[in-house]
Amino acid sequence: MADYNFGGRDSERNRTTAADKIAEQRRRKTALEDMQGPRLNSRGTKDAPRLSTRSGSSRSDTKQKNNKNNRDNGSKNNSSKRKIDLFPGSGNVYSKQKAPKRSLFGKKSSGNGISGGKVIAGIAVVFLVMIAFYMLTNKNAVEVFVDGESVGIVLDKNYTEDYISDTCQAKLASSLNTNVEITSEITVKKIHAGNNDEDVSTGDYLLKTVSDSVSYNVEATAIVVNNTEMAVVSNSESAQTVVDRILSEHSLSYIDDISSIVEGPEIVGLSFTSKFVDGTEIVSTDRAYELLNGTKQQQLTYTVESGDSFAKIAAIYGLEVSELMASNPNITDTSKISVGDEIVINATVSVLDIRVVTQTVDRTSGSAVIVKTTYVNGIITDTANIESGSSSDAEEITEASETE
C-alpha cells in the first residue's frame, strides 16, 4: 500500500488550521442557534433537526425549547420587540423583548400605559383646580375698605356699603348728639375667608373700626347776615343765644322814650342756615359773639332835625363834640345849625345793622300826628306820618299801637 505522507511539520500545521476553522464555524453556528432557535426546513416546518455536531446536545435541546417558547410569547406582542442585525447582510436578526412598564400599584401595564408619576401629577392638578374653583365661587365673607384702605373682614355677606354707612352714621349721631354726614368712601368686596383668618372680626367690632376710621361732617347752624356767613355754631339754640346777647347790649340812648319802640331792636338781614360742616369749623358762642359784635369805621351823613343840637348828634354816635367838629370843618359855631343842615359823621359803627322802629305823636303843628321813625344803628333812616287828627284821636291811636 502506498504511504501518502505529506511530510513533516507542514502537514501537521495544515491539519491544525483546518481543525481550528471547523471549531470556529461550529462555535458561531451554536451561538447563532442559541439566539435564533431551530432552523426551519425547506417545507417551513419547525421539526427540522438542530444542525449541531457538538457534544452536550441536551443543552442545545433545552435552549431550543426556550427559544421556541420565547418566539411564541413574542408573537403575541410584536410591538414590544426590538430587532438587531447581528451579521449585516446575512439576514440573521436578533429580536430583544422590551421590559414591561409598571402601573401605579406595581402591576404590569401595557406598552402604551400611563406611568404612576403622571397619574399622581394629574390628580394633584385636578385637586388644586377644585380648591381654586371653590374659593372663587364660595365667597362667604366681606372685606370692608374706607377710602381704599382695608379695615377688616366680617363673615357676613349682608354687610353692604349702605348698611355699614347707615349704621356707622347713626352711631356717630348718637354719640355726638347731632346729625352726621359721612364723607369717606366706604366700599366692600366679597371674598372667601375662614374663621381663623387674622383679619376676620365680629360685626360690632368692624362697625366700631369703621366709625373710628371715617371722616364725617356734623350738622350745625350758620349765622348769616345780609347773605354773608358770620359764624357757625353747633345748633340753632346756640345761634339765638348769640343774637340775644348782642341785642341786649345794644344801647338805645338815641331814643328819648323807650316805650315808643314798636319794632326791634333786631339785626337787619339776619338768618340761620342749617348745614353740614367739618367739626373744626364750629365755634363757641363766645367766639361767635366776638365775630358778630365787632365794629367798623363808616362815614355817615346826618340831617339836622327840629330839636337837634351839635352835642345831641355827637352823643347819638358816641362821639365827643370835638370829634364831630373835626369831621365838619365848615362849622365854626356849633350853636348855629339849622333844620335841614347835613352833618358829616366819621363813626365807629357795629358790624351788624340793628334796626329799631318807634311810633310817636307830634303835636307841634297844632294837630296830633302819629310819626313812625326807623333807626338803624341809632341813625334815622326813615320817617313816616301814619295818621293825623285831633290830639285825643292821636292819643287813642298811640295807645292802640302800644297795645298791639
Side-chain angles (χ1 to χ4, degrees), residues 221-274 283-309 311-320 323-324 343 345-362 369-387 394 397-404:
T221 300
I223 303 175
V224 179
V225 177
N226 295 325
N227 298 321
T228 301
E229 186 177 290
M230 304 296 294
V232 178
V233 292
S234 57
N235 49 51
S236 59
E237 289 78 9
S238 298
Q240 189 62 51
T241 299
V242 175
V243 171
D244 291 343
R245 180 180 175 184
I246 292 172
L247 295 177
S248 66
E249 295 176 359
H250 178 67
S251 175
L252 297 172
S253 60
Y254 54 87
I255 298 176
D256 294 333
D257 185 4
I258 296 178
S259 64
S260 65
I261 297 175
V262 292
E263 296 180 21
E266 60 186 8
I267 299 173
V268 177
L270 174 69
S271 63
F272 298 158
T273 302
S274 178
V283 299
S284 65
T285 55
D286 289 340
R287 178 55 180 161
Y289 170 82
E290 293 175 358
L291 294 173
L292 271 74
N293 202 39
T295 58
K296 60 182 178 181
Q297 294 296 317
Q298 186 175 6
Q299 190 177 72
L300 306 173
T301 301
Y302 180 82
T303 302
V304 178
E305 298 179 350
S306 177
D308 284 343
S309 66
K312 180 181 179 180
I313 296 172
I316 290 174
Y317 293 98
L319 300 173
E320 298 293 334
E323 294 175 332
L324 187 57
I343 307 297
I345 301 170
N346 291 322
T348 301
V349 297
S350 173
V351 171
L352 303 175
D353 292 332
I354 299 178
R355 176 176 173 268
V356 177
V357 179
T358 64
Q359 191 168 285
T360 59
V361 178
D362 184 7
V369 178
I370 299 176
V371 180
K372 188 175 183 178
T373 306
T374 301
Y375 298 86
V376 176
N377 292 337
I379 301 171
I380 296 174
T381 60
D382 184 55
T383 302
N385 294 335
I386 300 175
E387 295 287 349
I397 295 172
T398 302
E399 293 176 358
S401 298
E402 291 176 355
T403 304
E404 293 176 356

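In this chain, numbering begins with 1 at the start of the sequence shown.
Proximity of Gln359 to Val262: side-chain heavy atoms (C-beta onward) are separated by under 4.5 Å at one or more points. Contact of the Ile345 side chain with the Ile313 side chain is registered, since non-hydrogen atoms from C-beta on lie closer than 4.5 Å. At a threshold of 4.5 Å between non-hydrogen side-chain atoms, the residues Glu237 and Thr221 do not count as touching. By the 4.5 Å heavy-atom criterion applied to side chains, Leu292 and Leu352 are counted as neighbours. The shortest side-chain heavy-atom distance between Ile223 and Leu270 falls under the 4.5 Å cut-off. Looking at heavy atoms from C-beta onward, Val371 lies out of side-chain contact with Val361 at the 4.5 angstrom threshold. The shortest side-chain heavy-atom distance between Ile370 and Thr360 does not fall under the 4.5 Å cut-off. Contact annotation: the side chain of Tyr289 approaches that of Ile246 to within less than 4.5 Å [non-hydrogen atoms, C-beta and beyond].
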(message) If you apply the rule side-chain contact (heavy atoms from CB on, under 4.5 Å), what do you find for Val356 with Leu252, and how did you get there?
(response) CA-CA 9 Å; Val356 177; Leu252 297 172; 4.0 Å; yes
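In summary, the side chains of Asp382 and Tyr375 do not present any donor paired with an acceptor at a separation below 3.5 Å, with no hydrogens or angles considered. Counted by atom type alone, Ser238 and Asn235 present one or more donor-acceptor pairs between their side chains at under 3.5 Å.
Nearest approach of Leu291 to Met230, heavy atoms of both residues: CD1-O, 3.7 Å. Of all non-hydrogen atoms in Ser259 and Asp257, the two that sit nearest each other are OG-OD1, 2.5 Å. The two residues Val233 and Ala239 make their nearest non-hydrogen contact at CG2-N, 3.5 Å.
Put simply, NZ on Lys312 and CG on Leu324 are 14.0 Å apart, with the number rounded to the nearest 0.5 Å. Rounding to the nearest 0.5 Å places OG1 of Thr373 at 11.5 Å from CD1 of Ile261.
Taking 4.0 Å as the cut-off between side-chain N and carboxylate O, Lys372 and Glu263 count as a salt-bridged pair. Remark: Asp286 engages Arg245 in a salt bridge, criterion side-chain N to carboxylate O under 4.0 Å.
Side chain of Asn226 to main chain of Thr228: no donor-acceptor pair is present (N/O by atom type, distance under 3.5 Å, no hydrogens or angles). Distance alone, capped at 3.5 Å, places no donor-acceptor pair between the Glu290 side chain and the Arg287 backbone. Of the possible donor and acceptor atoms, one in the side chain of Asp308 sits under 3.5 Å from a partner among the backbone N and O of Glu305. With hydrogens and angles ignored, the 3.5 Å screen pairs a side-chain donor or acceptor of Asn377 with a backbone N or O of Ile354.
Other residues, nucleotides and ligands place no more than 12 heavy atoms under 6.0 Å from the CD atom of Glu320.
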